[in-house]
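Computed over heavy atoms, backbone and side chain alike; hydrogens, waters and symmetry mates excluded. Position 1 is the first residue of the sequence; numbering continues from there. One-based numbering, in listed order, for ligands and for the atoms of each.
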Amino acid sequence: MEIQKQLKSHGAWVGKWTFILAATGSAVGLGNIWGFPYKAGTNGGGAFVLIYLGCIVIIGLPIMISEIIIGRRSGNSPINAMRKVAIDSGQTQAWQLVGWSGIFAGALILSFYSVIAGICLNYIFIAVSSSGAISASEEFGNVISSPINLLFWHTLFMVLTTLIVAAGVKDGIGRMVKILMPMLGFLMIFMVIYSIINGDFNRAMSFLFAPDFSNVTSDTVLQAMGQAFFSLSLGMGSIMAYGAYMPKNQDITSTSFTVASLDTLVAILAGLAIFPIIFAFNLEPGSGPGLVFVSMLSAFNQMQFGQLIGPIFFILLSVAALSSSISLLEPGVAYLSEEGILSRGQAAIAISFFVWVLGIGSALSFNVWSDFHLISEKNFLDSMDFLANQILLPLGGMLIAIFVGWFMKESLIKDEIGAINPVIYYLWRFFVRFIAPACVAYIFLSQIFDLNWIFDFYSG
Ligand code: TRP
């Protein structure tokens with residue numbers, strides 16, 4: 001019989017809204033405002049949006065509920081949460097590997113997330129002073145070709161993330177999301193209204209909502225699923241860690257529904273803030289990852305008050321990134337501090353340092369290391385992204401769904417879910433047992449059985 005050691009506690013969220021704000025803060029990030037619009041843009045618009053919405057409902061929501069159930073049941077960080085709940089359900093403690101893989105995935109994601117978020121911080125200042133003297137694509141080229149510049153902003157972003165996480169659940173993360181999230185909501189609404197008034201709103205609406213399925217391929221479906229997963233922060237324990245701090249009397253199902261809806265709303269609003277401007281200035285909606293940096297800056301250069309609206313837009317992006325990055329760091333920090341290995345502050349600094357070093361590789365992949373390929377044809381940043389988002393997250397998400405659906409004791413689940421409509425309960429259970437694992441397995445296997453990258457890897 002395993003003797004459960006006394007783990008340090010982290011405190012809890014104060015009030016019902018703090019969990020919602022923190023989880024929404026985690027979910028809403030670069031994935032929504034930078035990723036979603038450009039992916040919708042390169043995948044033809046409406047059809048992608050529709051498939052994305054479907055993925056949120058049938059895969060995202062059931063897995064989000066599962067993560068919160070495990071987190072709150074244990075009150076611990078993802079590694080110990082998986083271990084404790086597995087033991088309480090009479091299962092092997094090897095399930096804790098899901099927590100380990102999550103912490104590893106979180107570090108990989110944060111390392112490049114911080115480099116891109118650093119570019120967003122940098123753009124706040126670029127947008128203030130940009131006069132259109134050099135083109136927006138030249139400007140972007142200058143930004144990413146300077147290692148020192150990228151490293152400076154990457155460092156600054158990591159320092160901000162570390163400070164918030166080190167300050168703790170209640171005083172750091174909890175307090176910051178209460179400031180950051182209303183600010184985000186306000187800036188978002190401002191940007192959308194501005195775009196509606198000044199941009200080509202009708203074209204943006206038909207681009208985003210009139211589905212044209214003629215160009216949908218299996219790759220579109222894969223991208224939409226991956227995007228839904230990433231956007232809801234699933235598969236690595238961000239939501240599980242936050243769930244551990246959720247008050248016991250809060251309803252998990254309806255809260256998850258609120259968080260997923262807010263996340264989706266922000267992605268759509270980001271589309272409605274960006275595309276009207278893109279179309280009004282005759283820019284290319286399918287221009288890829290540079291969309292918010294190149295196209296939006298070019299639009300800000302041409303518009304009236306662009307030097308005011310531009311910085312507001314990039315502040316919005318940076319705030320969203322910061323409230324997400326803290327959730328990537330939290331699971332590992334919570335683990336080291338609850339085990340008593342390091343204090344919360346030391347743990348935050350130690351993990352951030354590791355992440356910061358890893359991030360240097362991503363910063364350099366834009367310039368001096370651009371010819372260095374780690375996995376197949378992918379540069380350092382794309383390799384980190386591939387490992388985390390195509391391998392570790394789907395694997396983590398699938399195992400979480402399988403654990404809750406097939407291995408966790410049902411009485412424990414019912415304790416956490418509480419009194420809900422039985423139809424919703426059985427629907428959720430059906431999705432967690434069959435649909436979500438099957439869909440995620442499909443994403444996952446299609447990566448593995450696309451064996452080209454392995455061949456490339458071995459042939460150099
Ligand atoms: N969801 C965030 C975004 O859309 C990023 C993020 C935070 C994340 N925590 C995560 C992604 C955990 C995957 C897993 O930008």
Chemist: Is there any N or O on Leu328 that sits under 3.5 Å from an N or O of ligand 1?
Modeler: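 Among all N and O atoms of Leu328, none is under 3.5 Å from an N or O of ligand 1.
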Chemist: Which residue supplies the protein heavy atom nearest to atom 14 (C) of ligand 1, what is that atom called, and how far is it?
Modeler: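 Result for atom 14 (C) of ligand 1: Met236 CG, 3.4 Å.
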Chemist: Ignoring hydrogens and geometry beyond distance, is a side-chain donor-acceptor pair present between Glu338 and Asn76 at under 3.5 Å?
Modeler: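 Yes - a donor-acceptor pair under 3.5 Å links their side chains.
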Chemist: Strictly distance-based, threshold 3.5 Å: is any side-chain N or O of Gln96 a donor or acceptor partner for the main-chain N or O of Met82?
Modeler: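 No: the side chain of Gln96 does not pair with the backbone of Met82.
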Chemist: Report, in ascending order of atom number, the atoms of ligand 1 lying under 4.0 Å from any heavy atom of Asn32.
Modeler: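 Counting from 1, the qualifying ligand atoms are 4 (O).
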Chemist: Could you tell me whether Arg83 sits above the aromatic face of Trp95, with NZ or CZ closer than 6.0 angstrom to the six-membered ring centre and within 45 degrees of the axis?
Modeler: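 Checked: cation-pi criterion not met.
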Chemist: Under 4.0 Å from a heavy atom of Leu393: give me the atoms of ligand 1 that qualify, with their elements.
Modeler: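 Near Leu393, the atoms of ligand 1 are 13 (C).
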Chemist: Which atoms of ligand 1 sit under 4.0 Å from any heavy atom of Ser231?
Modeler: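 Counting from 1, the qualifying ligand atoms are 1 (N), 4 (O).
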Chemist: Keeping the roles fixed (side chain from Ser238, backbone from Ser327), state whether a donor-acceptor pair exists under 3.5 Å.
Modeler: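 A pair under 3.5 Å: yes.
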Chemist: Is it true that the side chains of Gln250 and Lys16 contain a donor and an acceptor less than 3.5 Å apart?
Modeler: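 There is no such pair between these side chains.
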Chemist: Does only the side chain of Phe229 get under 4.0 Å from ligand 1, or the backbone, or both, or neither? Count heavy atoms.
Modeler: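 Under 4.0 Å from ligand 1, Phe229 contributes no heavy atoms.
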Chemist: For Trp406, does the CH2 atom have more than 12 heavy-atom neighbours from other residues, nucleotides or ligands under 6.0 Å away?
Modeler: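 Yes, the 6.0 Å shell around CH2 holds more than 12 heavy atoms from other groups.
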Chemist: Considering the heavy atoms of Leu30, write down every atom of ligand 1 situated less than 4.0 Å from one of them.
Modeler: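 Answer, ordered by atom number: 15 (O).
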Chemist: Which heavy atom of the protein is the closest neighbour of atom 2 (C) of ligand 1, given with residue, atom name and distance?
Modeler: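 Residue, atom and distance for the closest contact: Ser26 O, 3.2 Å.
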Chemist: Return the residue, atom name and 0.1 Å-rounded distance of the protein heavy atom closest to atom 11 (C) of ligand 1.
Modeler: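 Here the nearest protein heavy atom works out to Phe230 O, 3.2 Å.
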Chemist: When you measure from atom 4 (O) of ligand 1 to every protein heavy atom, which one gives the shortest distance, and what is it?
Modeler: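 Answer for atom 4 (O) of ligand 1: Ala27 O, 2.9 Å.
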Chemist: Distance under 4.0 Å to a non-hydrogen atom of Tyr113: what atoms of ligand 1 satisfy this?
Modeler: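 Selected atoms, number and element: 2 (C), 3 (C), 5 (C), 15 (O).
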Chemist: Can the ring centroids of Phe19 and Tyr242 be said to lie less than 6.0 angstrom from one another?
Modeler: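 Judged by ring-centre distance (under 6.0 Å), Phe19 and Tyr242 do not meet the cut-off.
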Chemist: Looking at ligand 1, would Leu234 count as a contact under a 4.0 Å heavy-atom criterion?
Modeler: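 Per 4.0 Å heavy-atom rule, Leu234 contacts ligand 1.
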Chemist: At what distance is the nearest protein heavy atom to atom 6 (C) of ligand 1, and which residue and atom is it?
Modeler: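 Going by distance alone, atom 6 (C) of ligand 1 is nearest to Ser233 OG, 3.5 Å.
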Chemist: Check the side chains of Ser111 and Ser362 for a donor-acceptor pair under 3.5 angstrom, ignoring hydrogens and angles.
Modeler: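 Short answer, no.
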Chemist: Please tell me whether Glu330 and Tyr245 have a donor and an acceptor in their side chains that are separated by less than 3.5 angstrom.
Modeler: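 Tyr245 and Glu330 do have a side-chain donor-acceptor pair below 3.5 Å.
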Chemist: Can Ser327 be said to touch ligand 1, with heavy atoms closer than 4.0 Å?
Modeler: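 Within the 4.0 Å threshold, so yes.
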